[in-house]
K.L.:
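Have a look at this one before I ask anything.
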Amino acid sequence: MFAGIYHLQDIRGLDPFESALAALPGPAAMALAAPFSVKVARRYGTRGTVTVALTLFALGDLVLSRTGAGSSTVATGVGFLLVGSGFGAVMVTATDVVVRHVPKEHAGVAGGLQQTAMNVGPALGVAAATALLVSAAPGGSVGGIAPVPLPATDLTLTVLAAVTAAGLLLVGGLPGKERPARTFRVRS
């Protein structure tokens, strides 16, 4: 989302309010994906849910990386919608897995660690995206001092898509679909 806003302002030429409106499908999708993702994970399994969510997230970054100055608002909205859907589903599913799979006496600690990770992770992600934007921009300027050129935002969004997709390599360690316990009746 952070790099996408730079893209909207510096490449598409939108002002901050127009950028917020163009990016609105992302937060809306996060809010809708959050409650839906836990139900999906419980029905189809955590591994499958996170796989689909990370794929949506990476595809959204790729869509945003391919939109240029002349791109439609629909294409931009679709990119943010995919990012928001994937991000919302991954975060909520991850929290559900962590809290559900620890003993009750450790649930508070597990929840606290999960919340810490959810705060530190995005902070590090924004810092890394900023570093990438600055390093890819000619002259190393970003953030209102000079516009970030198209190659810098394209590169940053493409790298973010690749990092998100790399998370798919770790999905195999997540619990799969839980099968209900089988019960047998003994006739007497």
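Being a predicted model, the structure only gives us computed values, none of them experimental.
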K.L.:
Could you state whether Val52 and Leu59 fall into the same hydrophobic cluster, counting links through intermediate Ile, Leu, Val, Met, Phe, Trp or Tyr residues with side-chain heavy atoms under 4.5 angstrom apart?
P.N.:
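Val52 clusters together with Leu59.
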
K.L.:
Group every Ile, Leu, Val, Met, Phe, Trp and Tyr by side-chain heavy-atom contacts under 4.5 Å, then state whether Val97 and Tyr44 land in the same group.
P.N.:
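No, it is not one cluster - the side chains of Val97 and Tyr44 are not joined through contacts under 4.5 Å.
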
K.L.:
Roughly how far, to the nearest 0.5 Å, is OG of Ser71 from CZ of Arg66?
P.N.:
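Between Arg66 CZ and Ser71 OG, I get 11.5 Å after rounding to 0.5 Å.
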
K.L.:
Apply the side chain to side chain contact (heavy atoms under 4.5 Å, CB included) test between Asp61 and each candidate in Leu160, Leu56, Thr158; give the one that qualifies.
P.N.:
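Exactly one pass, corresponding to Leu160.
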
K.L.:
How close do Gly60 and Val83 get, counting heavy atoms only, and between which atoms?
P.N.:
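So the two residues come closest at C-CG2, 3.5 Å.
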
K.L.:
Hey, quick one: are Leu14 and Leu64 part of the same hydrophobic cluster, counting side-chain heavy atoms closer than 4.5 Å, chains of contacts allowed?
P.N.:
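Yes, it is one cluster - the side chains of Leu14 and Leu64 are joined through contacts under 4.5 Å.
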
K.L.:
Is there a path of hydrophobic side-chain contacts, each under 4.5 Å between heavy atoms of I/L/V/M/F/W/Y residues, joining Val50 to Val40?
P.N.:
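Val40 does not cluster with Val50.
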
K.L.:
Indicate the atoms forming the closest heavy-atom contact of Arg47 with Gly172, along with that distance.
P.N.:
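Closest approach of Arg47 to Gly172, heavy atoms only: NE-O, 3.7 Å.
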
K.L.:
Measure the spacing between CG of Leu21 and OG1 of Thr73 and express it to the nearest 0.5 Å.
P.N.:
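Output value for this atom pair is 10.0 Å.
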
K.L.:
For the pair Asn119 (side chain) and Gln115 (backbone), establish whether a donor and an acceptor sit closer than 3.5 Å, ignoring hydrogens and angles.
P.N.:
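It does hold such a pair.
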
K.L.:
Can you tell me how far apart CG (Leu24) and CZ (Phe80) are? Round to the nearest 0.5 Å.
P.N.:
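Atom-to-atom, Leu24:CG and Phe80:CZ are 10.5 Å apart.
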
K.L.:
Do Leu155 and Val163 sit in one hydrophobic cluster, given that two such residues count as connected whenever their side-chain heavy atoms are within less than 4.5 Å of each other, even indirectly?
P.N.:
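Yes, Leu155 and Val163 fall within the same hydrophobic cluster.
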
K.L.:
Once rounded to the nearest 0.5 Å, what's the spacing between atom CZ of Arg12 and atom CD1 of Ile5?
P.N.:
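It comes to 11.0 Å.
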
K.L.:
Taking atom OG of Ser37 and atom CG of Leu32, what is their separation to the nearest 0.5 Å?
P.N.:
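Here the rounded value is 11.0 Å.
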
K.L.:
Where do Val90 and Ala53 come nearest, in terms of heavy atoms and distance?
P.N.:
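Heavy atoms only, the tightest pair is CG2-CB, 3.4 Å.
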
K.L.:
On a heavy-atom basis, which atom in Ala41 and which in Thr93 lie closest, and how many Å separate them?
P.N.:
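The pair with the smallest heavy-atom distance is CB-CG2, 4.0 Å.
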
K.L.:
At what distance, to the nearest 0.5 angstrom, does CZ of Phe57 lie from CG of Leu82?
P.N.:
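Here the rounded value is 11.0 Å.
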
K.L.:
Specify the closest pair of heavy atoms between Ala33 and Ser85, including all atoms of both residues, with the distance to one decimal.
P.N.:
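Nearest heavy atoms, Ala33 then Ser85: CB-O, 3.6 Å.
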
K.L.:
Which pairs would a plain distance check flag for residues 103-114, meaning a side-chain donor or acceptor within less than 3.5 Å of a matching protein atom at least two apart in sequence or in another chain?
P.N.:
residue : atom : partner : partner atom : Å
Gln114  : NE2  : Thr95   : OG1          : 3.4

